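All values derive from a computational prediction rather than experimental measurement.
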Amino acid sequence: MNIRTISIACVSAAVAASMLGCGKSGSGETVSINIDGSSTVFPISQAVAEDYMSANEGADITVGEAGTGGGMKKFVRGEIDICDASRPIETEEIAECKKNGIDFVELPVAFDGLTIVVHKENSFAKNLTVAELKKIWEAGSKVKNWSEVRPGFPNKPIKLFGPGTDSGTFEYFTEAIIHKKKASRSDYTASEDDNVLAQGVAGDKDALGYFGYAYYDANKDKLAAVTIDGVEPTPETITNGTYKPLSRPLFIYVSTKSLDKPGVAKFLEYYIANASRLVEEVKYIKLSDEAYKLIADRLANKVTGSAFQEGGWIGMKPEDVLSKESSK
């Protein structure tokens with residue numbers, strides 16, 4: 001597994017000499033925060049962490065990308081403070097949290113649209129239907145060549161690239177397209193690192209893959225986005241819900257125990273207050289101002305549990321889900 005981490009513990013020797021020292025906050029407390037999980041959410045949390053640490057010399061924030069599933073395994077055991085997730089926490093993970101005495105706060109932070117990509121020179125797979133995606137990716141699929149997807153497509157082998165089974169993107173895709181979580185064919189090149197997937201598709205003219213919108217946007221010169229039932233993934237279609245069923249919110253989860261640690265609540269307040277700006281900097285789609293206000297309130301009030309369960313939220317805006325929850 002390719003796990004990248006960032007950790008900027010000190011700004012410079014000169015600054016450190018004039019300040020309180022590396023790893024200390026203004027009050028003299030050590031501020032250390034561990035984040036892991038989704039490779040899709042990784043660029044957002046990485047950008048926020050770097051931005052925050054540049055303004056707070058005492059902060060030591062490490063961000064990993066073990067995949068949503070890998071991050072959640074650590075989170076439910078209390079091994080990390082914050083889990084990045086590209087799908088909501090699952091009932092089994094909630095049960096593990098309860099078993100281990102972990103309460104958590106769920107915070108949506110951005111929108112994403114799972115993007116189906118082909119090589120830039122692919123001239124035939126401009127549009128695919130949800131039914132065709134299901135035919136290609138469902139468990140036990142016999143599709144090996146493009147000609148088996150649709151009459152008129154060339155008789156060329158499809159080289160498939162997709163997230164690994166620990167990825168929340170994998171779980172969301174299978175639920176949205178195949179209608180059964182994790183029910184995917186296994187004979188494809190899998191990686192928890194979306195950069196690896198993007199490079200794989202870019203290196204094969206007959207390839208097909210899927211991952212988060214930001215990784216497509218960063219590789220537009222080498223990749224082409226496939227429209228789904230005629231709808232192109234764009235910030236507008238992802239936000240307004242017309243790019244369906246592959247639009248989704250992205251999350252971070254924090255344990256209430258971690259919120260009591262020095263600096264964690266302050267960092268998350270900064271995260272939500274600056275998400276709108278930093279989400280766009282890394283080419284994701286920001287939520288509405290209304291949504292971020294509700295999310296800030298959720299953090300301030302330490303509202304525990306998940307509002308995004310059992311698929312009933314799919315197609316709803318995060319602010320509608322959170323407003324519905326608060327009205328109960």
Side-chain angles (χ1 to χ4, degrees), residues 1-6 8 35-51 54 63-68 71 84-87 108-122 125-126 128 159-164 166-170 172-173 188-228 231-239 243 246-252 271 274-287:
M1 184 179 296
N2 180 17
I3 300 177
R4 291 175 289 161
T5 61
I6 61 167
I8 305 175
I35 306 171
D36 206 343
S38 169
S39 62
T40 303
V41 186
F42 174 86
I44 304 172
S45 288
Q46 180 188 41
V48 176
E50 289 179 338
D51 204 61
S54 70
V63 187
E65 51 174 339
T68 300
D84 291 339
S86 58
R87 47 83 174 158
V109 293
F111 267 127
D112 184 30
L114 295 196
T115 306
I116 313 301
V117 298
V118 293
H119 191 278
K120 192 75 171 179
E121 296 181 18
N122 185 311
K126 302 292 187 183
L128 292 171
K159 182 67 178 295
L160 296 173
F161 292 84
D166 262 348
S167 168
T169 298
F170 168 81
Y172 184 86
F173 180 85
Y188 68 95
T189 300
S191 176
E192 308 296 348
D193 186 342
D194 292 344
N195 285 306
V196 170
L197 302 178
Q199 292 164 14
V201 177
D204 191 320
K205 292 183 179 180
D206 297 314
L208 175 78
Y210 70 92
F211 39 75
Y213 179 82
Y215 288 90
Y216 155 68
D217 192 72
N219 292 276
K220 279 183 176 179
D221 58 327
K222 297 172 284 189
L223 302 173
V226 177
T227 63
I228 304 303
V231 181
E232 179 185 1
T234 67
E236 292 72 29
T237 62
I238 291 168
T239 302
Y243 182 67
L246 295 178
S247 297
R248 59 173 179 170
L250 302 173
F251 304 86
I252 57 175
Y271 198 129
N274 292 276
S276 180
R277 170 176 60 88
L278 293 169
V279 161
E280 288 196 320
E281 281 188 13
V282 295
K283 306 300 184 183
Y284 278 95
I285 297 99
K286 66 181 181 180
L287 304 178

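When side chains are defined from C-beta on, Ile44 counts as touching Tyr271, because their heavy atoms get closer than 4.5 Å. Residues Tyr243 and Ile228 form a side-chain contact, since some pair of their non-hydrogen atoms from C-beta on lies under 4.5 Å apart. In this structure the side chain of Ile252 never reaches within 4.5 angstrom of the side chain of Ile35, judged on heavy atoms. Side-chain atoms of Val48 and Val109, non-hydrogen and from C-beta on, never get closer than 4.5 Å to each other. Taking 4.5 Å as the limit, every side-chain heavy atom of Ser38 sits out of range of all side-chain heavy atoms of Phe251.
Distance check: Asp112 CG to Arg248 CZ gives 4.5 Å after rounding to the nearest 0.5 Å. A distance of 7.5 Å separates CG in Asn122 from CG in Asp206, rounded to the nearest 0.5 Å. Between Arg87 atom CZ and Leu250 atom CG the span is 12.5 Å, to the nearest 0.5 Å. Note: Tyr188 OH to Leu160 CG = 9.5 Å, rounded to the nearest 0.5 Å. Atom OG1 in Thr68 sits 13.5 Å away from atom OH in Tyr172 (nearest 0.5 Å). In this structure, CG on Asp166 lies 5.0 Å from CD on Glu192, to the nearest 0.5 angstrom.
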Using distance only, find each side-chain donor-acceptor pair of residues 275-287 under 3.5 Å and give its atom names and separation, not counting sequence neighbours.
| from | atom 1 | to | atom 2 | distance (Å) |
| --- | --- | --- | --- | --- |
| Arg277 | NH2 | Asp51 | OD2 | 2.9 |
| Arg277 | NH2 | Asn274 | OD1 | 3.1 |
| Tyr284 | OH | Thr40 | O | 2.6 |

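Between Ile238 and Phe111, the closest heavy-atom pair is CG2-CB, 4.1 Å. Closest of all the heavy-atom pairs between Phe161 and Ala207 is CE1-CB, 3.8 Å. The two residues Thr115 and Ala225 come nearest to each other via the heavy atoms CG2-CB, 3.8 Å. For the residue pair Ser86 and Val41, the shortest heavy atom distance occurs at N-CG2, 4.2 Å. Residues Lys159 and Asp204 come closest through the heavy atom pair CB-OD2, 3.6 Å. The two atoms that bring Val201 and Leu208 nearest to each other are CG2-C, 4.2 Å, heavy atoms only.
Side-chain N or O atoms of Asp36 include one that pairs as donor or acceptor with a backbone N or O of Glu65 at under 3.5 Å. Looking only at distances, no side-chain donor or acceptor of Thr189 sits under 3.5 Å from a matching main-chain atom of Leu197.
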Going through the checks in order, is the side chain to side chain contact (heavy atoms under 4.5 Å, CB included) test met by Val117 and Asn219?
CA-CA 10 Å; Val117 298; Asn219 292 276; over 6 Å; no

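Counting only residues at least two apart or in different chains, salt bridge (charged side-chain N to carboxylate O under 4.0 Å, His left out) contacts with residues 219-228 comprise Asp217-Lys220.
Here Tyr213 pairs with Tyr216 under the ring pair (Phe, Tyr, Trp, His ring centres under 6.0 Å) rule; sequence neighbours left out. With sequence neighbours left out, Thr239 forms a side-chain hydrogen bond (donor to acceptor under 3.5 Å, both in side chains) with no residue at all. In this structure Tyr210 satisfies the ring pair (Phe, Tyr, Trp, His ring centres under 6.0 Å) test together with Trp137, Phe173, sequence neighbours excluded. Looking at residues two or more places apart in sequence or on another chain, you find a side-chain hydrogen bond (donor to acceptor under 3.5 Å, both in side chains) between Lys205 and Glu121.
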